[in-house]
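Comments concern the structure below.
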Amino acid sequence: MRYVLGEKKMKTRRSERLIDMTRYLLERPHTLISLAFFADRYESAKSSISEDLGILRRTFMIRGIGVLETLPGAGGGVIFTPGISKKEATEFVEETSKKLVEPNRILPGGYLYLTDLLADPELLRNVGRMIATQYSQSSIDVVMTVATKGIPIAQSVANFLNIPFVIVRRDSKITEGSTISVNYASGSSDRVEKMELSKRSLEEGSRVLVVDDFMKGGGTINGLRSLISEFNAIFVGATVFAENININSQFGDSDVTSIFKVTKIDTKNRVLNVEPGNYLANTDFSYFE
């Protein structure tokens with residue numbers, strides 16, 4: 001083996017190529033990679049590389065990993081788009097709903113305890129893949145969330161979309177440098193709160209996807225939209241892990257997507273009802289079917 005521009009160049013057997021190509025593609029979603037790069041990397045003919053990619057394309061689709069698309073022409077190559085099928089997404093929603101209805105998740109004020117679920121690597125991967133599927137055909141430059149519970153979701157989504165994520169805070173951090181802040185009304189009370197973001201975090205004209213763990217009344221997401229506007233950026237959409245539909249929301253059903261919706265929280269009797277949100281209806285799975 002010998003190194004070329006920081007990558008190993010090697011003459012390999014097909015089984016070895018397939019393993020390494022799979023790893024390379026999974027680590028670089030939404031990235032155009034030329035056939036010439038793979039041919040040089042493995043010291044193989046482009047015809048052999050094309051056959052390898054055909055095997056991966058079929059396997060990725062059968063196993064529900066995502067879509068491997070070939071772009072023809074001199075500037076072409078292959079692009080891997082991770083995603084999930086509607087069947088797999090539906091199964092995830094059904095199984096996770098059973099975990100969400102545990103009475104000990106009820107917190108004062110109409111909130112849910114989600115920390116244990118959002119600390120589960122497998123669950124986070126599925127949530128990230130589901131949200132990335134919803135926006136796989138959209139032009140997104142950055143994922144945005146507010147500290148702290150939405151951070152793992154934002155990181156997972158950003159990983160599958162292969163774009164940066166930014167964290168909006170409610171308190172000043174000297175390490176953030178100069179910031180832009182907005183005041184917003186809480187969606188579930190008359191309280192006015194503040195959120196801010198470093199001026200270096202978001203470029204003008206950026207297309208922003210907002211994600212969060214739990215939406216009670218929509219005030220936080222409304223604040224994030226205002227903050228995005230202050231940066232002269234573009235709000236593309238918002239998806240939350242769960243929402244409480246018992247609180248009057250500032251948004252319509254089509255404005256914010258939720259994977260789960262809480263239809264009843266009875267803190268006195270410890271009764272909790274959870275149903276699928278509008279994610280399955282709002283997402284076009286056809287590209288991954």
- Task: Give a yes or no on whether a salt bridge exists between E193 and R170, defined as a side-chain N under 4.0 angstrom from a carboxylate O.
- Result: yes
- Message: Could you check whether any side-chain heavy atom of R169 comes within less than 4.5 Å of a side-chain heavy atom of T179, counting everything from C-beta outward?
- Response: no
- Message: Any side-chain to backbone donor/acceptor pair from E88 onto S85? Under 3.5 Å, distance only.
- Response: no
- Does the side chain of V157 reach to within under 4.5 Å of the side chain of F165, using non-hydrogen atoms? no
- Item | Geometric cation-pi criterion R28 and Y24, 6.0 Å radius, 45° cone | yes
- Point-to-point distance, once rounded to the nearest 0.5 Å, from CD1 of I49 to CG of L35: 7.0 Å
- Task: Could you go through the side-chain contact (heavy atoms from CB on, under 4.5 Å) check for D284 and Q137 one step at a time?
- Result: CA-CA 10 Å; D284 181 4; Q137 304 304 303; over 6 Å; no
- Query: Looking at E196 and L227, what are the two nearest heavy atoms and their distance?
  - Reply: C-CD2, 4.3 Å
- Query: Does the side chain of I153 come within less than 4.5 Å of I131's, by heavy atoms?
  - Reply: yes
- Query: Do S48 and R17 meet the criterion of a side-chain donor-acceptor pair at a distance under 3.5 Å?
  - Reply: no
- Query: Are L26 and I65 side-chain neighbours, meaning at least one heavy-atom pair lies under 4.5 Å?
  - Reply: yes
- Message: Pairing donors with acceptors under 3.5 angstrom, does anything connect the side chains of D52 and Y42?
- Response: no
- Query: Is the closest side-chain donor-acceptor distance between N162 and T31 under 3.5 Å?
  - Reply: yes
- Query: If you round to the nearest 0.5 Å, how far is CG of N273 from NZ of K264?
  - Reply: 6.0 Å
- Can you tell if the side chain of M130 reaches within under 4.5 Å of the side chain of T239, non-hydrogen atoms only? no
- Are side-chain heavy atoms of S258 and N278 found at a separation under 4.5 Å? yes
- Query: Taking the side chain from S198 and the backbone from E176, do they hold a donor-acceptor pair closer than 3.5 Å?
  - Reply: yes
- Message: Against D116, only a single residue in K149, K99, R105 fulfils salt bridge (charged side-chain N to carboxylate O under 4.0 Å, His left out); can you say which?
- Response: R105
- Non-hydrogen side-chain atoms of L197 and F231 separated by less than 4.5 Å: yes
- Any sub-3.5 Å donor-acceptor pair from S206's side-chain atoms to D141's backbone N or O? no
- Neighbour count >12 (heavy atoms, 6.0 Å) for atom CZ, R270: yes
- Which pair of heavy atoms, one from N269 and one from D266, lies closest together, and at what distance? ND2-OD2, 2.8 Å
- Message: Name the residue from T145, D213, V211, I221 that meets the side chain to side chain contact (heavy atoms under 4.5 Å, CB included) definition with V240.
- Response: I221
- Item | Reported CG-to-CZ distance for the pair N126 and R129, which is rounded to 0.5 angstrom | 5.5 Å
- In short, ring pair (Phe, Tyr, Trp, His ring centres under 6.0 Å) pairs touching residues 64-95 with sequence neighbours left out are F60-F80
- Message: Let me confirm one number: the CD1-CE distance from I167 to M195, rounded to the nearest 0.5 Å.
- Response: 13.5 Å
- Message: Could you tell me if the side chain of Y184 sits less than 4.5 Å from the side chain of T220, heavy atoms only?
- Response: yes
- Item | Among L272, L107, L117, side chain to side chain contact (heavy atoms under 4.5 Å, CB included) partner for L112 | L272
- Query: Is the number of heavy atoms from other residues, nucleotides or ligands under 6.0 Å of E203 CD greater than 12?
  - Reply: no
- Here the pair of heavy atoms bringing V208 nearest to A233 is CG2-CB, 4.2 Å
- Taking all non-hydrogen atoms of both residues, which atom of S136 and which atom of T81 are closest, and how far apart? CB-CG2, 4.0 Å
- Message: How close do G128 and S156 get, counting heavy atoms only, and between which atoms?
- Response: CA-OG, 3.2 Å
- Message: Checking I228 against V210 for the side-chain contact (heavy atoms from CB on, under 4.5 Å) test, could you report, in this order, the C-alpha distance in whole Å, the side-chain angles of both residues, the deciding distance, and whether it holds?
- Response: CA-CA 10 Å; I228 290 169; V210 170; 3.8 Å; yes
- Message: Run the side-chain contact (heavy atoms from CB on, under 4.5 Å) test on F241 and L123 for me, step by step, so that the C-alpha distance in whole Å, both residues' side-chain angles and the decisive distance to 0.1 Å come before the verdict.
- Response: CA-CA 11 Å; F241 181 70; L123 184 143; 4.2 Å; yes
- Can you see which heavy atom on F260 is nearest to which on S97, and at what distance? CE2-OG, 3.4 Å
- Message: Rounded at 0.5 Å granularity, tell me how far CD1 in I180 sits from OG in S229.
- Response: 10.5 Å
- Rounded to the nearest 0.5 Å, what's the gap from CD on Q134 to CG on N282? Could you check? 6.5 Å
